[in-house]
Amino acid sequence: MRRFPAVARRAKAGPRCWSRASVGKPGDARALPVIRVRFAPSPTGYLHVGGARTALFNWLFARRHGGAFILRIEDTDAERSSWDMVAGIVDGLRWLGLDWDEGPDTGGPHGPYFQSQRLDRYRAMAERLVVDGLAYYCYCSPDRLKAKRDEAEQAGRAWKYDRACCELTPDRIAAFEAGAAPRAIRFRVPPGRTSFDDLVHGHIEFDHEHLEDFVLLRSDQHPTYQLSVVVDDIDMEITHVVRGDDHISNTPKQLLLYAAFRQPIPRFAHVPLILGPDKKRLSKRHGATSVTEYRRRGYLPEAMVNFLSLLGWSPGADREVFTRDELVAAFTLEGISGGNAVFNPEKLDWFNAQQMQRMPAAELAGRLEPWLRESGLWEDRYATADRAWLERLVDLIRPRMKRLPDFLDQARPFLVDTVEYDPAAGEKYLSDPTLADHLRVLADELPPADRFQPDQIEAAVRRTAERRRVKAATLIHALRVAMTGRSVSPGIFDVLAVLGPDRVRDRLDRVHHFLASS
RNA sequence: GUCCCCAUCGUCCAGAGGCCCAGGACGUGGCCCUUUCAAGGCCAAAACACGGGUUCGAAUCCCGUUGGGGACGCCA
C-alpha cells in the first residue's frame, strides 16, 4: 500500500500537485526543480538522531532527483529557541555531509529562512483568512481554555474548543476590542472529511469532527506551527513534505489551510519514528541521542549516515554497507517502511567498523589526526616524513577498531618511546628464566634493516625457536610483551616490522635488563 | 477517553497470493584460520501476534481482537 496509484487519481480529481504543476517543459533551462524538500528543525534542542534521519531522508530524496534541499529554522517559539541550538543543528548537519541549497546562511530566493523573520507574513496570511470568513478572532483567555480542558480530562472526556467566539455579534466584538482584550485567530473548521495519500502509509482519512477550530495566530501575534509551516511550505514551493510520523495528525489541519489559501498541496511522506530499546520514543534517558555526541565518541559521519539510512528504509536488496553516493543512487520514498524502528547501537558500531575498514588509509589517518593531537600522541613528522609509516600503522590497527579513539589505546605502543610492561602480561610471558638467551639468539637472527619484513621476521623467529628447542609461541608471547608491553596486539611479525629494526633492538635490550633484574 | 499509524527472528530490513516448512544484516553460540586480540570464512539457534474470513492456494487481501506507537496546546 505504498505505491503510487494515488497519484493518477489525485491528479484527475483532487487539487493540483506540485509534482505535476512544477515540472518544466523539456528544454526549458529555467524550469523549477521538480522536487523541493525541506528540513525544518525547531532550535529548542540539539540535533537528535531522529531529526538527523528525517533530514537525511529529505536530503537523499532531493539529491536523488536533482531537487533542492532547504533548511528552515522554525523558531517561532522565541522562549525556547536559542542561537546555540541553531549552531548545533547546523553543525550536526554539516558533519553528516547533508548540505542545503537554501537556508539561513546560504540564503536563497525564498528567504528569510528563519521563521522569526517572517512574522509579518504569517500575520497577513491569517488576517486574510479572517477577511475571507475562513477564520475568526478569538478572545477566549488561555486560562479559561486550560481550565475547561483540565476539567474535561478529569472527567475522562475529550475536549474540543467550544467555539465560544465563532459567531460573536458585532456588539460583543466591539466590547472585547474596547476592553483591549487580546485576540487570537482561529481557523473555522468546516464539517466534512479530509483525506490524503501518504507516500509511505497510503490513504489516510480524517473526519473534521475530531478537529477543533485551531489557533493560527496567537494573541502575541506569533503564528502557531500549523500556520507557519503551511505558509512557508507554500512560499518556498515545497513539493514533498517528508517528516516524522508524529505529524500525521497535523496533516488534515494543514490540508485545510492549503485549501483555504487556494494553493496546490505537496505530497506527504510520513516516516516512522525511532524508538529506544524499550520501544519508547527515543529520548535522553536512552543514552546518547544527539548527533554531536556520536561524533564526540568517535563515530564516522559515513557510518552514522549509513546506519540511519537503514533505520526505516530499505533499498530492497540484501545490502547493508553504502557510501553516501550509493545511498543517493538507491534512495526511494517507497522503500520507507511503515513501522517504528528501534535504535540499535551495536549495529552502529558494526557500520562504523565497516566504514573504517573500507576507507583509504590516508583518509582514516586524517580523521585520526585530531584525536592523536588531543591525546598528545601526535608528532609533526606524521604529517610529513612519517606519513607513510602512520598509514601503515593505521592499516595494522583498523581491523581492531570500533570507534576512532580505539586507535589511541591500541596504537600507543607504536607512538611512544618506551612501553610499560603490563604486570599480568609480564608475569605470564616473561617469567621463564631461559628467555634471555632465546631472545639474544633471536636478536642475531633478525633480518637486516633492508629486509625487515613480516615474512623474514617470522622465518627468523621460527628458526630460533627450532634451534633453541622451544615452541615458537613462547618466543612470540615474550616478544609481544617486550614490544608492546601487553598480551594482546596485532600479529607480532607485523608489529616488529612496523616498529622497525631500531626500536625492536631497543626494546629487546630493555627486556634483557628486565629479565636480568627479576 | 477520542482519532490516527503500525504489527515477519532479541534488533534492523527482504517479502506486491503460489518462487517461502520465510531470505539478508547486527547481536548470540560453534567451528576454521591463528602466536594473542580483532578482522575474515563456514555453520547453527532464532520470526510471519491471535482469531475469523476471501481463495484451489495467504506472511502477503478483508474483518475483528490483542499489543505497541503517535496525536489530541495561544509547543513544534
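Hydrogens, waters and symmetry mates are skipped; everything else that's a heavy atom, side chains included, is used.
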*asked:* Can you tell me if A/Arg218 touches the phosphate of B/C75, counting only side-chain N or O atoms and a distance under 4.0 Å to OP1 or OP2?
replied: yes

*Within less than 4.0 Å of OP1 or OP2 of B/C72, is there a side-chain N or O belonging to A/Gln226?*
no

Pick the [atom1] atom in [N] and in [M], then give their distance to the nearest Å.
N     : M     : atom1 : result
B/G23 : B/A46 : C1'   : 14 Å
B/A71 : B/C48 : P     : 31 Å
B/C43 : B/G69 : P     : 38 Å
B/G29 : B/G64 : C1'   : 41 Å
B/C31 : B/U66 : P     : 48 Å
B/C12 : B/C75 : P     : 35 Å

What nucleic acid atoms does [X] come within less than 4.0 Å of, heavy atoms only: base, sugar-phosphate, or nothing?
X        : value
A/Ser314 : sugar-phosphate
A/Glu320 : base
A/Arg149 : sugar-phosphate
A/Glu458 : nothing
A/Gly312 : sugar-phosphate
A/Phe343 : nothing
A/Ala341 : sugar-phosphate
A/Thr44  : nothing
A/Ile492 : base
A/Arg281 : sugar-phosphate

Please give the nucleotide sitting opposite [N] as a Watson-Crick or G-U wobble pair, both distances under 3.5 Å, or none.
N     : value
B/C42 : B/G30
B/U54 : none
B/C19 : none
B/C3  : B/G70
B/A14 : none

_Using heavy-atom distances to pick each residue's nearest nucleotide on RNA chain B, tell me which of A/Glu346 and A/Pro315 is more 5'._
A/Pro315

*Taking for each residue the nucleotide of RNA chain B bearing the nearest heavy atom, is the 5' side occupied by A/Ala40 or by A/Leu273?*
A/Leu273

_Side chain of A/Tyr225, heavy atoms from C-beta onward: which of B/A76, B/G40, B/C5 has the nearest atom to it?_
B/A76

_Please pick, from B/C37, B/C3, B/C26, the nucleotide with the shortest atom-to-atom distance to any side-chain atom of A/Arg400._
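Looking only at heavy atoms from C-beta outward on A/Arg400, the closest nucleotide is B/C37.
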
*Is there a donor-acceptor pair under 3.5 Å between the side chain of A/Arg218 and the backbone N or O of A/Pro223?*
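Between the backbone of A/Pro223 and the side chain of A/Arg218 there is a qualifying donor-acceptor contact (under 3.5 Å).
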
*Under 3.5 Å, is there a donor-acceptor pair between the side chain of A/Asp75 and the main chain of A/Ser116?*
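Answer holds: yes.
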
*Single hit among A/Val230, A/Val231, A/Asp233 for side chain to side chain contact (heavy atoms under 4.5 Å, CB included) with A/Leu257*: A/Val230

_Parallel, tilted or perpendicular: ring planes of A/His477 versus A/Tyr429, cut at 30 and 60 degrees_ = parallel

*Do A/Glu153 side-chain and B/G1 base share a donor-acceptor contact under 3.5 Å?*
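Answer no: no donor N or O sits under 3.5 Å from an acceptor.
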
_Should the side chain of A/Ser219 and the base of B/C74 be counted as holding a donor-acceptor pair, with the cut-off at 3.5 Å?_
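Side chain to base: pair found, below 3.5 Å.
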
*Do you know the tightest heavy-atom contact between A/Gln355 and A/Leu300?*
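Here A/Gln355 and A/Leu300 meet closest at CB-CD1, 4.0 Å.
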
*Distance, rounded to the nearest Å, where A/Tyr136 contributes OH and B/C74 contributes C1'*: 13 Å

*Would A/His247 and A/Tyr225 count as a ring pair (Phe, Tyr, Trp, His ring centres under 6.0 Å) if you check the C-alpha gap in whole Å, the side-chain angles of each, and the deciding distance to 0.1 Å?*
CA-CA 11 Å; A/His247 285 293; A/Tyr225 167 72; 5.3 Å; yes

_I'd like to know if A/Lys402 and A/Asp349 make a salt bridge, using a cut-off of under 4.0 Å between side-chain N and carboxylate O._
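No.
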
